[in-house]
> 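Pasting in a structure now, in structure tokens, and then I'll have a few things to ask.
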Amino acid sequence: MHTPSFPVAPGETACIALEGPVGPLEVLVDLPKADVPVQPIVAIICHPLSTEGGTLHNKVVTMTATTLRELGIATVRFNFRSVGGSAGEFDHGVGEQEDLKAVTAWVRQQRPDDRLWLAGFSFGAFVSLKAAAELQPEALISIAPPAGRWDFGGITPPTRWLVIQGEQDEIVDPQAVYQWLDSLDAPHELVRMPDTSHFFHRKLIDLRGALTHGVKHWLGTAA
């Protein structure tokens with residue numbers, strides 16, 4: 001399969017197919033709008049659980065991408081294997097880490113001078129956290145990381161790590177997340193969002209604010 005190049009038109013969305021470990025991976029690339037100062041950063045965003053309807057079009061994933069683009073960051077969303085136009089079968093987070101690594105390799109090939117950020121929502125937070133030790137992103141954003149539901153052993157997050165957790169999450173136990181974070185010897189910034197469910201119903205604007213406030217001080221300076 002031909003490996004497509006990074007799109008160059010600001011403000012446009014490019015849907016492309018990358019060669020993944022088990023076949024094509026469906027990828028969406030968005031550059032910042034033309035009137036936004038561009039940051040030398042690409043953020044790859046991972047979607048929630050494939051077997052529960054998670055896709056790159058999930059509203060939390062989409063809001064994360066929109067928020068980062070408003071800050072001048074190029075974003076890359078993709079469907080894990082078995083979802084949408086991505087080939088393969090669900091692999092309980094193991095193969096999905098390989099999918100993320102393939103997308104990351106392509107991003108770094110296309111933008112070798114840009115800094116890499118990773119972001120993930122729910123299952124996507126798990127996948128990006130597990131892959132962080134190998135991929136070495138400059139920054140990591142974990143939204144509702146499913147502590148207690150998946151094995152988070154052996155993770156090595158970067159020093160710039162933002163965690164956002166809804167206080168009324170009905171799928172991921174907030175207390176399990178807080179206890180897990182307290183057990184780690186890893187610096188992090190935790191944002192607790194009151195009256196917020198797992199999918200951030202009626203709280204997407206608040207999520208945008210939390211993301212903007214949490215990462216804007218990382219802009220302009222490499223870790």
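These numbers were taken from a predicted model, which means no experiment stands behind them.
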> Taking all atoms of both residues into account, what is the closest heavy-atom pair of A210 and V191, and its distance?
CB-CG1, 4.1 Å

> Could you tell me if the side chain of F199 sits less than 4.5 Å from the side chain of N58, heavy atoms only?
yes

> Ignoring hydrogens and geometry, is there a side-chain-to-backbone donor-acceptor pair from R69 to L31 under 3.5 Å?
yes

> Above 12 or not: heavy atoms from other molecules or residues under 6.0 Å from CD of E170?
yes

> Nearest 0.5 Å please: distance from the CD atom of E189 over to the CD1 atom of I141.
10.5 Å

> Using modelled atom types only, decide if a donor and an acceptor are shared between the side chain of K130 and the backbone of G153 within a distance under 3.5 Å.
yes

> When clusters are formed by joining ILVMFWY residues with side-chain heavy atoms under 4.5 Å apart, either directly or through shared neighbours, do V36 and L211 land in the same one?
no

> Do the charged groups of R77 and D30 touch, with an N to O distance under 4.0 Å?
yes

> Side chains of E26 and C15: does their closest heavy-atom pair fall under 4.5 Å?
yes

> Taking all non-hydrogen atoms of both residues into account, name the closest pair between L140 and L129 and its distance.
CD2-CD2, 3.4 Å

> Got F123 and E96 here, is their nearest side-chain heavy-atom distance under 4.5 Å?
yes

> Return yes if some donor-acceptor pair links the side-chain N/O of S197 with the main-chain N/O of Q168 below 3.5 Å, else return no.
no

> Is it true that L190 and I155 fall in one hydrophobic cluster, defined by side-chain heavy atoms closer than 4.5 Å?
yes

> Does NE2 in H213 sit with more than 12 non-hydrogen atoms of other residues, nucleotides or ligands closer than 6.0 Å?
no

> Any sub-3.5 Å donor-acceptor pair from T196's side-chain atoms to P194's backbone N or O?
yes

> If you define the side chain from C-beta out and look only at heavy atoms, does anything of L49 sit under 4.5 Å from F90?
yes

> Evaluate side-chain contact (heavy atoms from CB on, under 4.5 Å) for V177 paired with D169, printing each intermediate quantity in order.
CA-CA 11 Å; V177 174; D169 194 321; over 6 Å; no

> Go through F200 and M193 one step at a time and tell me if the side-chain contact (heavy atoms from CB on, under 4.5 Å) criterion holds.
CA-CA 9 Å; F200 292 80; M193 293 185 58; 3.5 Å; yes

> Could you tell me whether a side-chain N or O of Q97 sits under 3.5 Å from a main-chain N or O of G93, the two making a donor and an acceptor?
yes

> Heavy-atom distance under 4.5 Å between the side chains of R192 and P174, does that happen here?
no

> Do F121 and I205 belong together in a cluster built from hydrophobic side chains that touch within less than 4.5 Å?
yes

> Which heavy-atom pair separates T55 from H47 by the least distance, and what is that distance?
O-CB, 3.1 Å

> Tell me whether L207 shares a hydrophobic cluster with L56, the cluster being built from Ile, Leu, Val, Met, Phe, Trp, Tyr side chains joined at under 4.5 Å.
no

> Tell me whether D99 contacts the main-chain N or O of R81 through its side chain, where contact means a donor paired with an acceptor under 3.5 Å.
yes

> Would V107 and V29 count as a side-chain contact (heavy atoms from CB on, under 4.5 Å) if you check the C-alpha gap in whole Å, the side-chain angles of each, and the deciding distance to 0.1 Å?
CA-CA 10 Å; V107 166; V29 180; over 6 Å; no

> Minimum heavy-atom separation for N79 to G85, with atom names?
ND2-N, 4.3 Å

> Should D195 and R202 be marked as a side-chain contact (heavy atoms from CB on, under 4.5 Å) after you check the CA-CA gap, both sets of side-chain angles, and the distance that decides it?
CA-CA 10 Å; D195 302 317; R202 299 183 301 277; over 6 Å; no

> Look at the side-chain heavy atoms of Ile, Leu, Val, Met, Phe, Trp and Tyr, link any pair under 4.5 Å apart, and say whether L204 and V163 land in one connected group.
yes

> Looking at OG1 of T159 and CH2 of W218, how far apart are the two atoms once the value is rounded to the nearest 0.5 Å?
8.5 Å

> Measure the OG1-CG distance between T13 and L28 for me, rounded to the nearest 0.5 Å.
6.5 Å

> Under 3.5 Å, is there a donor-acceptor pair between the side chain of S50 and the main chain of V83?
no

> With the side chain counted from C-beta on, respond yes when P48 and V60 share a heavy-atom pair under 4.5 Å apart, and no when they do not.
no

> Taking atom CG of L25 and atom CZ of F80, what is their separation to the nearest 0.5 Å?
10.0 Å

> So, for C46 and S128, which heavy atoms are closest and what is the spacing to 0.1 Å?
SG-CB, 4.3 Å

> Evaluate the side-chain proximity of Q136 to P158: yes if any heavy-atom separation is below 4.5 Å, no if none is.
no

> Considering all heavy atoms of both residues, which atom of P145 and which atom of I164 are nearest to each other, and what is their separation?
CD-O, 4.3 Å

> Pair F126, H92 - check ring pair (Phe, Tyr, Trp, His ring centres under 6.0 Å), show working.
CA-CA 11 Å; F126 164 71; H92 306 278; over 10 Å; no

> Taking the side chain as C-beta and beyond, is there a heavy-atom pair between V215 and L68 under 4.5 Å?
yes

> Quick one: which of Y178, W161, W180 gives a ring-ring contact (aromatic ring centres under 6.0 Å, His included) with H188?
W161

> Is the side chain of T62 donor-acceptor paired with the backbone N or O of K59 at a distance under 3.5 Å, no angle test?
no

> When rounded to the nearest 0.5 angstrom, what distance separates CG in L116 from CD1 in I44?
5.0 Å

> When rounded to the nearest 0.5 angstrom, what distance separates CD in E52 from CD1 in I171?
8.0 Å

